[in-house]
Each structure stands twice: as C-alpha cells, then as structure tokens.
Amino acid sequence: MKLTILGCYAATPRTITNPTSQVLEIKNRYFLIDCGEGTQVQLRKNKVKFSKINHIFISHLHGDHFYGLIGLISTFMLLNRTTDLHIYGPKGIEEIVKLQLRLSNSWTSYGLFFHILESKESEVVYEDSKVIVKTIPLKHRIYTNGYLFQEKPAERKLNFDAVQEYEIDKCYFQNIKNGKDITLEDGRIIANEKLSFDPPAPMSYAFCSDTVYNEAIIPIIKDVDILYHESTFLESESSLAEKTMHTTAKQAAKIALKANVKQLVLGHYSTRYDNIKLFKSEAETIFPEIILADDGKSFEF
Ligand SMILES: [Zn+2]
Ligand SMILES: [Zn+2]
C-alpha cells in the first residue's frame, strides 16, 4: 500500500503548499482522494500516471477538497481518455460538474459516472475482488464523508513441500488456496493448515477530513493500519477548531489511540502555522506513532 500526498493544507493554496488531495495505491488500484485546486500539477510533479486514475473519492464540497476536479476531468478529455471515470461524493457534485461542462460547451470522451452519497451511516461505495471501500460519516459544517479502504483477505499460500509429500494433483491447488481440506484417494482427510500457509494480513487505510472531534467514527476505523486524520489546528486554537468544526493535533491523536490504529498520519494543517513539526510534538503526547503528511511525500506501508 502506498500513499502519495499531493496536498495536505487547509483553505487557500500557496506557492509552497496545496489543498487536499492524495493518491492511495492499494492492490494495484489507484484511488484519488479529494481533488483540491492544483491536483493535476501535483499529479505530474509526483509522476502519477493520469490514466491509472479511474475512481475519485470526494469528501465534501468545500473548495479546498474539490476545486481541482473540473480541471482534471477536462484534461482527461484532452488526453483522449476512453476509460470510464467514477466519482464518489456528496449530493450536488454531479450538478456542479455538469453545469461547468455544459456552460463551457465541453463534454467527455469517456463515461463519467457519479455515485452520489447521502447516507449518514457508513456504507460500501466500491467493491471488487481485492478491495472494498466504505464511507466514514464525519461531522463538519456541511455533509462530509471520510473513506475506509480495506484489502480483502488474500488467498492462502500453497505449501509446496506438503502437497508434494501427499502427492496432491494440481487441480486441487485452487481449493487449497481457498482454504478447503483435501480428501486423498485412500480416504484420509488432510487439513488445509497442513497444506497451506496464512496469507499476509490485509491492510487498511482510513481517510478522515474534514471533521470536528467525533468519537462516533471509532467503531468504523477500529484497528486500521493507517489513519489519516485532519489536524487543522494546534491546542492554542482549540476553541477555533470547535467553532469551525475541525480537529486539533491532540484530538486526532486521541481518536487514533481510542481506535487502536497502528499509525496516524496528520494533515490538513491551517496555513497560519510556519512549523508543522509542532503538530507532531503535540500529538505525540497522546499517541506515539505519528507521521506528518506533507505535499509531495509518499509513504509505503
Ligand atoms: Zn478542508
Ligand atoms: Zn471543509
């Protein structure tokens, strides 16, 4: 699993920082999460192939999370894209995009599909043979969802020595990988554990931005490997965090601790702060495994 941060700062873009957007590479799928202004440029800078992006997940309709979307959609057309593009986001997103296309007399050379989210409960929005994506309902000034990306458990790994020892025919290998026991010709039943090894544990990634401190998300993100949680403010601005429905670094760490996640990635920093290291030092007083997101940084998990 690889996470590339294209932008992780709140509100307005600056020459040195970008609003929210990130690419999650999971089981060879490339999911774009949020699409703030400048996302196209950041994709180029970070050498992410445009053609790999088939699914875009938008958290909410504040500009710093989706103002880059129409630009990316029209660039896809200029690149003669033919593959379908799926956009997941709150009610209104389809209207906005289609209005912009219509009034600029533009169209797409590819299928553009919108998956409109309205539920206040967590729901599955994407699923294939290897990955499942669910929403994480967040509490913000407007309707907002985070997203939980989970690998599905992989097939069991064949124990070649064991299958040779029992002289098991190749045609049973898939059954063994699927966890089935095998009955030999003489009637003996060989337990699957003797013929295969456990697969690597499936990884999971939760993206939570923007939100006020909200313990209701804990059951949904429980035990995830990586939690990206917004931390717009430091403790000195905690009342502002509450007023604007954002989170402080310490509060994000509290969520990480209570949800028993393995690592916490902080981001969505207010541009009022010159030194983002302070987010880490404040959060570390609550939860030890802190990673600071920053534009252009990639993390492999
Ligand atoms: Zn924001
Ligand atoms: Zn917002």
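As the structure lists them, so they are numbered: ligands from 1, and atoms in each ligand from 1. In this chain, numbering begins with 1 at the start of the sequence shown.
Not less than 6.0 angstrom separates the ring centroid of Y147 from the ring centroid of Y88.
Taking the side chain to side chain donor-acceptor pair (under 3.5 Å) definition, one finds that R81 meets it with N54, sequence neighbours left out.
At a threshold of 4.0 Å, the pair R29-D128 counts as salt-bridged, since one of the basic side-chain nitrogens sits closer than that to a carboxylate oxygen.
Residues I226 and V131 share a hydrophobic cluster, clusters being chains of Ile/Leu/Val/Met/Phe/Trp/Tyr side chains in contact below 4.5 Å.
For the ring pair (Phe, Tyr, Trp, His ring centres under 6.0 Å) condition, the pairs that include at least one residue of residues 155-210, sequence neighbours left out, are F207-Y228. Listed by first then second residue, pairs satisfying ring pair (Phe, Tyr, Trp, His ring centres under 6.0 Å) with a partner in residues 251-270 read Y9-Y269, H65-H268, H246-H268, Y269-F279, not counting sequence neighbours.
Shown are the protein N/O/S atoms under 2.8 Å from the Zn ion (ligand 1), given by residue and atom: D64 OD2, H65 NE2, D210 OD2, H268 NE2.
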